[in-house]
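To start, the structure itself, in structure tokens.
No hydrogens, no waters, no symmetry mates; every other heavy atom, side chains included, goes into these values. All ligand and atom numbering here is 1-based and tracks the order in the structure.
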Amino acid sequence: MRAVAFFEYGPADVLRAIDVDPPVAGSGQVRVKVRAAGVQPFDTLVRRGWMPDAVPSMPATPGNEFAGVTDDGREVLGFTTLGCYAEYVVVPDDQVVPRPSNMPWEVAGGFSAAAQTSSIAMEQLGVGPGDVFLVHGASGSVGTVLTQLARLAGATVIGTASEANQEYVRMLGAIPVVYGDGLADRVRAITDSVTVSLDAGGHGSLDVSLELVKDRERITTIADFQRAPSLGVRMLRGERSAARLSKIVDLYAQGLLKVHLREVFPLEEAAAAHQTLESGHGRGKIVLRVA
Ligand SMILES: NC(=O)c1ccc[n+]([C@@H]2O[C@H](COP(=O)([O-])OP(=O)(O)OC[C@H]3O[C@@H](n4cnc5c(N)ncnc54)[C@H](OP(=O)(O)O)[C@@H]3O)[C@@H](O)[C@H]2O)c1
């Protein structure tokens, strides 16, 4: 089968399309013929060698979310840690859920990670009616889903993004604000009662959360892990699961959640997809079309 792999850690161009033997499903596992796979910041960290525990051997194939057809003909989407930039992936059979008929393959392939991360964040931060939720990086793949989940839960969302993505963030249901110098004052001009915050933007966004949110238990970051512990900021600890994924998939199936595809690349152009993701800017999700 065709797969994309790296033989050494490094920049995006260490990714190469290769031919390898397809994996075989063992007991309790399911094999999926992949139609589309999401491209994740996690994959770029793996490729750079920052997650050595996640890479058992070289060559290694990145990709931790996918959609495709099981050997017994079920259309599914799912999650794992590595291996999805390939024509076939094998995962435990409790790591797939049915693909709704109104969910395009590319959306399905890039759905799991942002959905699960957003769901865990909503739960652990306890976001609900009456909250004013500051989401840093609301235009990104996680921010896109999280903003909508928070609106559905009855919260007011203030979402940060670049100038170019202000209208996009408004369309997601948030009050848009431009990130960068002076952000805290721009938020204060909207409200002085931010109750909860998630940082998906990095670049010092966390400091603004600390300035505006009284309760540190209601601040988290998924982009500034190194500073979080010393600042007394909560780390997200939830588990990914099929049950969690199903709940968010249902929202999509009902038309309550939208996913914006930033760009779809053919499998063979995974290196270009990584370069685009590593620009750090864009709207929504980058996906590889596999078949
Ligand atoms: N995807 C996941 O499930 C997951 C899970 C755990 C952790 N994370 C981490 O969470 C972060 C976001 O992931 P993602 O997949 O949403 O990435 P993404 O799609 O690349 O989005 C990046 C976001 O950061 C914003 N941003 C760029 N420069 C910024 C700055 N100087 N200040 C504030 N915000 C800035 C971007 O806004 P503009 O595009 O408008 O510039 C965009 O909204 C990454 O650090 C990632 O490693 C992600």
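The proximity of His203 to ligand 1, defined as any non-hydrogen pair under 4.0 Å, is limited to the side chain. In Ser162, the parts holding a heavy atom less than 4.0 Å from any atom of ligand 1 are both the side chain and the backbone.
Remark: among candidates Ser139, Gly143, Gly180, the nearest residue to atom 38 (P) of ligand 1 is Ser139, based on non-hydrogen atoms.
The closest protein non-hydrogen atom to atom 15 (O) of ligand 1 is Ser141 OG, 2.6 Å. Protein heavy atom at the shortest distance from atom 2 (C) of ligand 1 is Val142 CG2, 3.3 Å. Protein heavy atom at the shortest distance from atom 7 (C) of ligand 1 is Ile222 O, 3.4 Å. Protein heavy atom closest to atom 3 (O) of ligand 1, with residue, atom name and distance, is Thr117 OG1, 2.9 Å. Atom 29 (C) of ligand 1 has its closest protein heavy atom at Tyr179 CZ, 3.4 Å. Protein heavy atom at the shortest distance from atom 20 (O) of ligand 1 is Leu277 CD1, 3.8 Å. What sits closest to atom 27 (C) of ligand 1 on the protein, heavy atoms only, is Gly280 O, 3.2 Å. Nearest protein heavy-atom neighbour of atom 47 (O) of ligand 1: Pro41 CB, 3.3 Å.
Looking at Lys285 and Glu65, a side-chain N of the basic residue comes within less than 4.0 Å of a carboxylate O on the acidic one, giving a salt bridge. We find that Arg188 and Asp185 are joined by a salt bridge, their nearest charged nitrogen and carboxylate oxygen being less than 4.0 Å apart. Using a 4.0 Å cut-off between a side-chain N of Lys or Arg and a carboxylate O of Asp or Glu, Arg283 and Glu167 do not qualify as a salt bridge.
Set against the non-hydrogen atoms of Gly282, the atoms of ligand 1 under 4.0 Å away are 39 (O). For ligand 1 and Ala113, the ligand atoms under 4.0 Å from any heavy atom of the residue are 3 (O). Less than 4.0 angstrom separates some heavy atom of Asn165 from each of these atoms of ligand 1: 38 (P), 39 (O), 40 (O). For ligand 1, the atoms sitting less than 4.0 Å from at least one non-hydrogen atom of His281 are 27 (C), 28 (N), 38 (P), 39 (O), 41 (O), numbered in the order shown with element in parentheses. Close approach of ligand 1 to Ala223 is summarised as follows: ligand atoms under 4.0 Å from at least one heavy atom of the residue are 45 (O).
Annotation: cation-pi geometry not satisfied between Arg47 and Phe6 (NZ/CZ under 6.0 angstrom from ring centroid, within 45° of ring axis).
Formation of a donor-acceptor pair under 3.5 Å by the Arg186 side chain with backbone atoms of Gly180 is found in this model. The closest donor-acceptor contact from the side chain of Arg99 to the backbone of Arg74 lies at 3.5 Å or more, if one exists at all.
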**Item:** Candidate pair Tyr168 and His260, rule ring pair (Phe, Tyr, Trp, His ring centres under 6.0 Å), full reasoning
**Value:** CA-CA 10 Å; Tyr168 174 72; His260 179 78; 5.4 Å; yes
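Heavy atoms of Gln40 approach ligand 1 to within less than 4.0 angstrom.
The number of heavy atoms from other shown groups lying within 6.0 Å of CG (Asp21) does not exceed 12.
A side-chain contact (heavy atoms from CB on, under 4.5 Å) with Thr160 is found for exactly one of Asn165, Leu134, Val178, namely Leu134. The side-chain contact (heavy atoms from CB on, under 4.5 Å) test with Glu87 is passed by exactly one of Val20, Val34, Val290: Val290. Under the side-chain contact (heavy atoms from CB on, under 4.5 Å) rule, Val157 has a single partner from Asp131, Leu172, Val135, which is Val135.
Every N/O-N/O distance between Phe225 and ligand 1 stays at or above 3.5 Å. Here's the thing with Ala161: none of its N/O atoms is less than 3.5 angstrom from an N/O atom of ligand 1.
Checked by atom type, the side-chain pair Ser162/His281 shows no donor-acceptor distance below 3.5 Å.
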